Amino acid sequence: MLLLHCPYCGARPEIEFRCGGEAHIARPAHPDACDDAAWADFLYSRTNPKGPHAERWLHAHGCGRWFNARRDTASDAFTASYPMGTPRPAGGA
């Protein structure tokens with residue numbers, strides 16, 4: 001069983017969580033002022049690295065809060081988790 005560490009609740013089984021995609025994607029400051037290509041890039045373009053990757057996670061069957069986690073996509077190992085709005089920890093994407 002894969003355990004994820006919720007920064008608010010502690011370690012819990014994977015089935016309690018839902019992945020929300022790549023973390024640290026900045027929304028354009030003025031969506032009406034950007035062109036269609038820039039808006040499409042914001043909505044659809046994501047990195048897909050082999051190795052460390054920052055993702056958003058929801059503790060759906062627990063506290064119900066969102067947080068960020070760094071996961072190695074090659075080994076599926078979680079190396080860090082941290083609250084939303086805090087900088088990503090050093091040591092990878």
Side-chain angles (χ1 to χ4, degrees):
M1 171 185 357
L2 183 62
L3 293 177
L4 276 77
H5 180 80
C6 173
Y8 310 104
C9 303
R12 299 288 194 269
E14 174 188 20
I15 59 172
E16 291 189 11
F17 298 89
R18 300 292 175 262
C19 185
E22 186 173 353
H24 308 290
I25 303 293
R27 182 182 175 103
H30 300 287
D32 296 335
C34 71
D35 62 1
D36 288 344
W39 186 246
D41 185 56
F42 163 70
L43 290 176
Y44 304 112
S45 296
R46 299 293 182 261
T47 62
N48 189 18
K50 180 178 181 181
H53 184 56
E55 300 171 325
R56 298 176 301 146
W57 284 84
L58 171 65
H59 194 176
H61 299 287
C63 63
R65 296 174 76 176
W66 286 93
F67 64 94
N68 292 325
R70 190 174 60 230
R71 181 177 65 91
D72 188 308
T73 59
S75 66
D76 209 25
F78 284 83
T79 57
S81 63
Y82 49 102
M84 294 287 258
T86 60
R88 73 180 80 197

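None of the values given here were measured: they were computed from a predicted structure. Atom set for the values below is all heavy atoms of this structure, side chains included, hydrogens, waters and symmetry mates excluded.
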| remark: A80 meets the side chain to side chain contact (heavy atoms under 4.5 Å, CB included) criterion, sequence neighbours left out, with R70, P89
| field | Which residues share a side-chain hydrogen bond (donor to acceptor under 3.5 Å, both in side chains) with D72, sequence neighbours left out | value | none
| field | Residues that F78 engages under ring pair (Phe, Tyr, Trp, His ring centres under 6.0 Å), provided they are two or more places apart | value | W57
| Of all residues at least two apart in sequence or in a different chain, which pass the side chain to side chain contact (heavy atoms under 4.5 Å, CB included) check with D76? | L2, R71
| task | Just jot down the side-chain hydrogen bond (donor to acceptor under 3.5 Å, both in side chains) partners of S45, sequence neighbours excluded, or say none. | result | D41
| What distance separates E16 CD from C9 SG, expressed to the nearest 0.5 Å? | 8.0 Å
| note | Residues passing the ring pair (Phe, Tyr, Trp, His ring centres under 6.0 Å) test with W66, sequence neighbours excluded, are none
| What's the shortest heavy-atom distance between R88 and A54, and which atoms? | NH1-CB, 4.0 Å
Can I get a per-line list of side-chain donor-acceptor pairs under 3.5 Å for residues 18-35, giving both atom names and the distance, sequence neighbours left out?
residue, atom, partner, partner atom, Å
R18, NH1, I15, O, 3.3
R18, NH2, H61, NE2, 3.3
E22, OE1, T47, N, 3.0
E22, OE1, T47, OG1, 3.3
E22, OE2, T47, OG1, 3.0
H24, NE2, Y82, OH, 2.8
D35, OD1, A38, N, 2.9

| Which distance, rounded to the nearest 0.5 Å, do you find between the CZ of R46 and the NE2 of H53? | 9.5 Å
| remark: Contacts of Y8 meeting ring pair (Phe, Tyr, Trp, His ring centres under 6.0 Å) (sequence neighbours excluded), chain-then-number -> none
| Less than 4.5 Å apart, any side-chain heavy atom of R65 and any of M84? | no
| query | Do any N or O atoms from the side chain of T73 and from the backbone of P49 form a donor-acceptor pair under 3.5 angstrom? | reply | yes
| query | P83 and P7: which non-hydrogen atoms are nearest, and at how many Å? | reply | N-CG, 4.0 Å
| Can you tell me how far OG of S81 sits from NE2 of H59, rounded to the nearest 0.5 angstrom? | 11.0 Å
| said: Can you tell me how the ring of F17 sits relative to the ring of F67, calling it parallel under 30°, perpendicular over 60° and tilted otherwise? | reply: perpendicular
